Student: 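One structure, pasted below without further comment.
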Amino acid sequence: MKPEALLHPRPEGLYCPPGDFFIDPVRPVERALITHAHADHARAGHGAVLATRETLDIMRLRYGGDFTKSKQVAELGKRIDLGGVTVSFHPAGHVLGSAQIAVEAKGLRIVASGDYKRHPDATCTPFEPVACDVFITEATFGLPVFVHPDPESEALRLAESLRQFPERAHIVGAYSLGKAQRVISLMRSVGHDAPILIHGALAKISRYYQGRGIKLGRLEPATVEGIGGTRGAGQIIVAPPSVLGDRWTRRFADPLSVFASGWMRIRQRARQRGVELPLILSDHGDWNELTMTIRETGASEIWVTHGREEAIVRWCAINGIAARPLHLVGYEDEAE
Ligand SMILES: [Zn+2]
């Protein structure tokens, strides 16, 4: 069996003809397998969704109970038969509930990894390499210039800033699913025990994380009335990145803008957004994680999806691994 007969791109997303399902479709389809709950991968309106419990739960929190006609929980590592094709879900280390999806038929195994990372993250199950013939990898940070620092060292930089500027409210822009909870968890791990204020947009998901046993410490709503004063001075306020520079921040004492993102490696991006303290913290693999993972899967062929496809494809060629870009559209990493 040729790999393309088992899985190939269509405008809706990656399609498996023998199993008649899509992986992370960007348009409504009859049957969707979903790697994780980020909005560009997990959309509402499918006929049936197969995903991990956490992904299904988070989709329900975001879209409401009727986000799909029927749903099925995929337990990690368990094999499920779909029309003669065997599928199984394996941890991706990206956000809570994130999974790679292995698709197998007639002795051929393809792994679609969705988004993934290898750096430590206490808020989700670590990535597990799955041996396969074809490995489908993202390439958000697929350039050698992207080498993410140790996450704890970034957390310590925020802790240091709090010590240095106790009169200023530290507004941390962080994507509401995954990054926000990871920032909070990291700050707890470096000994920041004070209550952390959170924007209303993060409340439901953060509560859900806590319900699944992720330790985030004491969280308080940042929804306070009035302007200025000493509100939030010396405190961490976590909010979606869109509020940075917005009037929402003016209710806090001399707001200091912090942004937790892999893109903060690029100084110009931090400057453009008026970020005073850029934290390089990514839920996507950097160049070393991507290339290490490609080797660990032992795959003889690599398909590269969203991001910087060219450099990864070239690296594979130099290392004697067949590779090509898939040119999937509809996956945005700007909010990363
Ligand atoms: Zn994602």
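Hydrogens, waters and symmetry mates are skipped; everything else that's a heavy atom, side chains included, is used. First listed ligand is number 1; within each ligand, the first listed atom is number 1. For reference, positions follow the sequence shown, starting with 1. Only a predicted model underlies this, so the values are computations on that prediction, with no experimental measurement involved.
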Student: Using 4.0 Å as the upper bound for N to carboxylate O, is an ion pair formed by Arg157 and Glu160?
Tutor: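 No salt bridge links Glu160 with Arg157.
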
Student: Apply salt bridge (charged side-chain N to carboxylate O under 4.0 Å, His left out) to residues Glu104 and Arg109 and explain how you reach the verdict.
Tutor: CA-CA 4 Å; Glu104 284 178 73; Arg109 184 190 284 160; 3.3 Å; yes

Student: Taking N, O or S atoms only and a limit of 2.8 Å, check whether Asp283 reaches the Zn ion (ligand 1).
Tutor: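 So Asp283 does not count as coordinating the Zn ion (ligand 1).
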
Student: Using the test side-chain hydrogen bond (donor to acceptor under 3.5 Å, both in side chains), find all partners of Glu128 that sit at least two apart in sequence or belong to another chain.
Tutor: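 Applying side-chain hydrogen bond (donor to acceptor under 3.5 Å, both in side chains) to Glu128 gives none.
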
Student: Tell me every residue that passes salt bridge (charged side-chain N to carboxylate O under 4.0 Å, His left out) with Asp121, counting only those two or more places apart in sequence or in another chain.
Tutor: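 Only Lys117, Arg182 meet the salt bridge (charged side-chain N to carboxylate O under 4.0 Å, His left out) criterion with Asp121.
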
Student: Report the angle formed at the Zn ion (ligand 1) by atom OD2 of Asp115 and atom NE2 of His94, rounding to the nearest 10°.
Tutor: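 Asp115 OD2 and His94 NE2 form an angle of 100° at the Zn ion (ligand 1).
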
Student: Strictly under 2.8 Å, is the Zn ion (ligand 1) approached by any N, O or S atom of His38?
Tutor: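 It does: His38 brings an N, O or S atom closer than 2.8 Å to the Zn ion (ligand 1).
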
